[in-house]
Chemist: 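Here it is: the structure, laid out below.
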Amino acid sequence: MSVRPIRIGVAGLGRMGRVHAENLAHRVPDVELTRVVDVVEETARAAGERLGAAWSTDVEELLRDPALDGVVIAGPTATHAPMIEQAAAHGKHVLCEKPLSLELDATVRAVQAARAAGIKLQMGFHRRFDPDWAAVAERIAAGELGEAYLLRISLRDQAPPGVEFLRGSGGIFVDVAIHALDAARWLLGEVEEVAAFGAATSDAVFAEIGDLDTAIVQLRFASGALGVIDASRVAGYGYESSAEVMGSRATLRLDNHRRTHVERLAPGASAKDRVGDFVERYRHAYLLELEAFADAIREDREPAVTGEDALAAFVLAQACDEALRERRTVQVPTSGAPQEARA
Ligand SMILES: NC(=O)c1ccc[n+]([C@@H]2O[C@H](COP(=O)([O-])OP(=O)(O)OC[C@H]3O[C@@H](n4cnc5c(N)ncnc54)[C@H](O)[C@@H]3O)[C@@H](O)[C@H]2O)c1
């Protein structure tokens, strides 16, 4: 039986938008990459021609297309919230890259606009779709760990993105650690207290633009468990994405991925290779999140990770900023989200 393809467009064709557009065009079953948009005409044209999709420099044109079911929003962070509101007005479902916004009000408005319009709003927290992280979540939910005592997540980029990106990123907590903050809530439930330390010692540019290159976050969950997240933009040796959840009956350890499983052994030393960045590490998860988005549209069900999850992770990231700035621990409402957004 033939299935009607879900027709999806991509807005923003930089690092992440290209990954999504290529996946939609070639790898996601029963999906059609219908349109691509970028404000840079040459970028839009090149992607459209290469991937066999209509292209333009105008998101409004994409959203007006009656044939389109949904859009992947992958432009700079400042464009996400207004685009979600535009998509909601046109009744188009959204998969939005993280973070949803750098402003609490704009985040709340976008989440509410999506709910009011009845569109699906899935957030690009791709760890939720990664088979390793999903296995950890399933085992915790099945009670294999007993009582969870401690969560440790390391999230380190080998090298920072360009200065222009850094300027608009919102800083290490909302841009980088937010993936770990979402994973923490997903695995062990709501967080009620955070503390944070940060440093910017690798390059003067971080201090100039008010960002950090290295940070540590401590979490206290409502369950009583503790958590620690370390995040870096300058790991140098490679991309690190690892975690541990220690419990009363068992501990789960989620290791880094390796490019190959070949180990070089020489006198007194051995060496293993490792993945270089998030695109390489999470190649499969980026594909699975798009499949899940198309399934949510096709089957008319709630996405596995929603706008409310984006809001809750953002509130935690803001609490980290506050904790660092004010050199104190910060209490977070146990819902992880302000009251008005949950109404
Ligand atoms: N999930 C992840 O692992 C992950 C990884 C990296 C980045 N991100 C997020 O993805 C988003 C994009 O990051 P990136 O690294 O791809 O950025 P990027 O700078 O590489 O690309 C952004 C693209 O958007 C285009 N653009 C700018 N304004 C636009 C507009 N109004 N409409 C359409 N296109 C517009 C730019 O021309 C550029 O091509 C950011 O929010 C970032 O936080 C997520």
Side-chain angles (χ1 to χ4, degrees), residues 9-23 35-48 50 53 55-63 71-87 94-103 106-107 110 122-130 133 155-183 211 231 233 239-241 257 275-290 292-293 305 309-310 313-314 317:
V10 175
L13 298 163
R15 282 187 310 173
M16 278 318 298
R18 280 199 299 272
V19 171
H20 294 312
E22 298 267 351
N23 277 337
R35 286 176 173 273
V36 290
V37 173
D38 197 285
V39 283
V40 177
E41 184 173 334
E42 194 37 46
T43 303
R45 183 205 313 276
R50 194 177 69 255
W55 63 270
S56 80
T57 55
D58 180 7
V59 173
E60 186 66 27
E61 196 180 315
L62 175 145
L63 294 173
V71 58
V72 175
I73 295 177
T77 295
T79 66
H80 298 178
M83 276 191 202
I84 291 172
E85 291 198 50
Q86 259 179 295
V94 173
L95 192 166
C96 181
E97 266 308 339
K98 51 49 65 176
L100 196 157
S101 169
L102 301 183
E103 306 294 335
T107 307
Q122 179 175 321
M123 276 313 292
F125 290 134
H126 53 271
R127 279 165 180 70
R128 300 252 190 161
F129 303 93
D130 178 75
W133 286 88
L155 201 177
R156 305 179 196 151
D157 285 326
Q158 181 167 21
V163 178
E164 271 323 299
F165 180 93
L166 286 175
R167 275 187 215 285
S169 81
I172 198 165
F173 298 119
V174 73
D175 184 48
V176 179
I178 200 156
H179 284 296
L181 293 167
D182 175 66
D211 201 352
R233 291 192 185 274
Y239 179 68
E240 174 92 28
S241 179
H257 277 209
V275 296
D277 64 15
F278 47 81
V279 175
E280 187 178 4
R281 163 63 181 88
Y282 285 110
R283 195 181 301 281
H284 195 39
Y286 291 130
L287 190 58
L288 293 176
E289 74 176 343
L290 289 172
F293 179 51
V305 54
D309 291 313
F314 179 73

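The shown structure was predicted, so the numbers you read here are calculated from the model rather than taken from an experiment. For reference, positions follow the sequence shown, starting with 1. Ligands are counted one by one from 1 in listed order, and the atoms in each one are counted from 1 as well.
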Chemist: For the CG atom of Asp130 and the CZ atom of Arg283, what is their distance to the nearest 0.5 Å?
Modeler: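 It comes to 13.0 Å.
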
Chemist: Specify the protein heavy atom at minimum distance from atom 15 (O) of ligand 1: its residue, its atom name, and the distance to 0.1 Å.
Modeler: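 The closest heavy atom on the protein side is Arg15 NE, 2.7 Å.
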
Chemist: Could you tell me which atoms of ligand 1, counted from 1 in the order shown, lie closer than 4.0 angstrom to a heavy atom of Val40?
Modeler: 37 (O)

Chemist: Distance under 4.0 Å to a non-hydrogen atom of Gly124: what atoms of ligand 1 satisfy this?
Modeler: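 Matching atoms, with element in brackets: 1 (N).
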
Chemist: With heavy-atom distances below 4.0 Å as the criterion, list the atoms of ligand 1 near Thr77.
Modeler: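 Listed by number with element: 40 (C), 41 (O), 43 (O).
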
Chemist: How close does the nearest protein non-hydrogen atom get to atom 25 (C) of ligand 1, and which residue and atom is it?
Modeler: Asp38 OD2, 3.1 Å

Chemist: Under the 3.5 angstrom rule, does the side chain of His80 hit a backbone N or O of Lys98 as a donor-acceptor pair?
Modeler: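 Side chain of His80 to backbone of Lys98, a donor-acceptor pair under 3.5 Å: no, none is there.
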
Chemist: Can you tell me if Gln122 uses its side chain to pair, donor with acceptor, with the backbone of Glu289 under 3.5 Å?
Modeler: yes

Chemist: Can Phe293 and Phe129 be said to form a side chain to side chain contact (heavy atoms under 4.5 Å, CB included), step by step?
Modeler: CA-CA 11 Å; Phe293 179 51; Phe129 303 93; over 6 Å; no

Chemist: Which heavy atom of the protein is the closest neighbour of atom 27 (C) of ligand 1, given with residue, atom name and distance?
Modeler: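 So the nearest neighbour among protein heavy atoms is Pro76 CD, 3.2 Å.
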
Chemist: Using a 3.5 Å distance criterion without hydrogens, assess whether the side chain of Asp38 forms a donor-acceptor pair with backbone atoms of Thr43.
Modeler: no

Chemist: Report yes or no: does a heavy atom of Met83 sit under 4.0 Å from some atom of ligand 1?
Modeler: yes

Chemist: Any idea which protein heavy atom is nearest atom 1 (N) of ligand 1, and the distance to it?
Modeler: Glu97 OE1, 2.9 Å

Chemist: Nearest 0.5 Å please: distance from the CG atom of Leu288 over to the CG atom of Asn23.
Modeler: 9.5 Å

Chemist: Nearest 0.5 Å, please: how far is NE2 in His20 from OH in Tyr286?
Modeler: 7.0 Å

Chemist: State if His179 counts as touching ligand 1 under the rule of any non-hydrogen atom under 4.0 Å.
Modeler: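 Under 4.0 Å: yes for His179.
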
Chemist: Is Ala11 in polar range of ligand 1, meaning some N or O pair under 3.5 Å apart?
Modeler: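 Ala11 vs ligand 1: no N/O contact under 3.5 Å.
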
Chemist: Donor-acceptor check, side chain of Asp211 to backbone of Ile172, threshold 3.5 angstrom: yes or no?
Modeler: yes

Chemist: How about Val37 and Val71: do any of their side-chain heavy atoms sit closer than 4.5 Å?
Modeler: no

Chemist: Could you please spell out the steps behind the side chain to side chain contact (heavy atoms under 4.5 Å, CB included) verdict for Phe278 and Met16?
Modeler: CA-CA 10 Å; Phe278 47 81; Met16 278 318 298; 4.0 Å; yes

Chemist: Check each atom of ligand 1 against the heavy atoms of Thr79 and keep those under 4.0 Å away; list them by number with element.
Modeler: 31 (N)

Chemist: Identify, by atom number and element, the atoms of ligand 1 in contact range of Val39, meaning under 4.0 Å from any of its heavy atoms.
Modeler: 26 (N), 27 (C), 28 (N), 29 (C), 30 (C), 31 (N), 32 (N), 33 (C), 34 (N), 35 (C), 37 (O)

Chemist: Measure the distance from atom 9 (C) of ligand 1 to every protein heavy atom, then report the residue, atom name and distance (to 0.1 Å) of the closest one.
Modeler: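 Here the nearest protein heavy atom works out to Lys98 O, 3.4 Å.
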
Chemist: Heavy-atom contact under 4.0 Å between Tyr286 and ligand 1?
Modeler: yes

Chemist: Which residue supplies the protein heavy atom nearest to atom 19 (O) of ligand 1, what is that atom called, and how far is it?
Modeler: Phe165 CD1, 4.3 Å

Chemist: In sequence, state the C-alpha distance, the side-chain angles, and the governing distance for Ser241 and His179, and then conclude on side chain to side chain contact (heavy atoms under 4.5 Å, CB included).
Modeler: CA-CA 10 Å; Ser241 179; His179 284 296; over 6 Å; no

Chemist: With side chain to side chain contact (heavy atoms under 4.5 Å, CB included) as the criterion, how do Met123 and Asp182 come out once you've worked through the C-alpha distance, each side chain's angles and the decisive distance to 0.1 Å?
Modeler: CA-CA 10 Å; Met123 276 313 292; Asp182 175 66; over 6 Å; no

Chemist: Look at atom 4 (C) of ligand 1 and say which protein heavy atom is nearest, naming residue and atom and giving the distance to 0.1 Å.
Modeler: Met16 CG, 3.5 Å

Chemist: Show me which atoms of ligand 1 lie under 4.0 Å from any heavy atom of Gly12.
Modeler: 24 (O), 33 (C), 34 (N)

Chemist: For ligand 1, note which part of Ser169 has a heavy atom under 4.0 Å away: side chain, backbone, both or neither.
Modeler: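 Near ligand 1, Ser169 shows nothing, with every heavy atom at 4.0 Å or more.
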
Chemist: Going by the atom numbers of ligand 1, which of them fall below 4.0 Å from some non-hydrogen atom of Pro99?
Modeler: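 Taking each heavy atom of Pro99 in turn, ligand 1 has 43 (O) under 4.0 Å.
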
Chemist: State, yes or no, whether a side-chain contact exists between His257 and Tyr239 at a heavy-atom distance under 4.5 Å.
Modeler: no

Chemist: Looking only at protein heavy atoms, which one is nearest to atom 21 (O) of ligand 1, and how far off is it?
Modeler: Gly14 CA, 3.1 Å

Chemist: Under 4.0 Å from any heavy atom of Asp175, which atoms of ligand 1 are there?
Modeler: 43 (O)

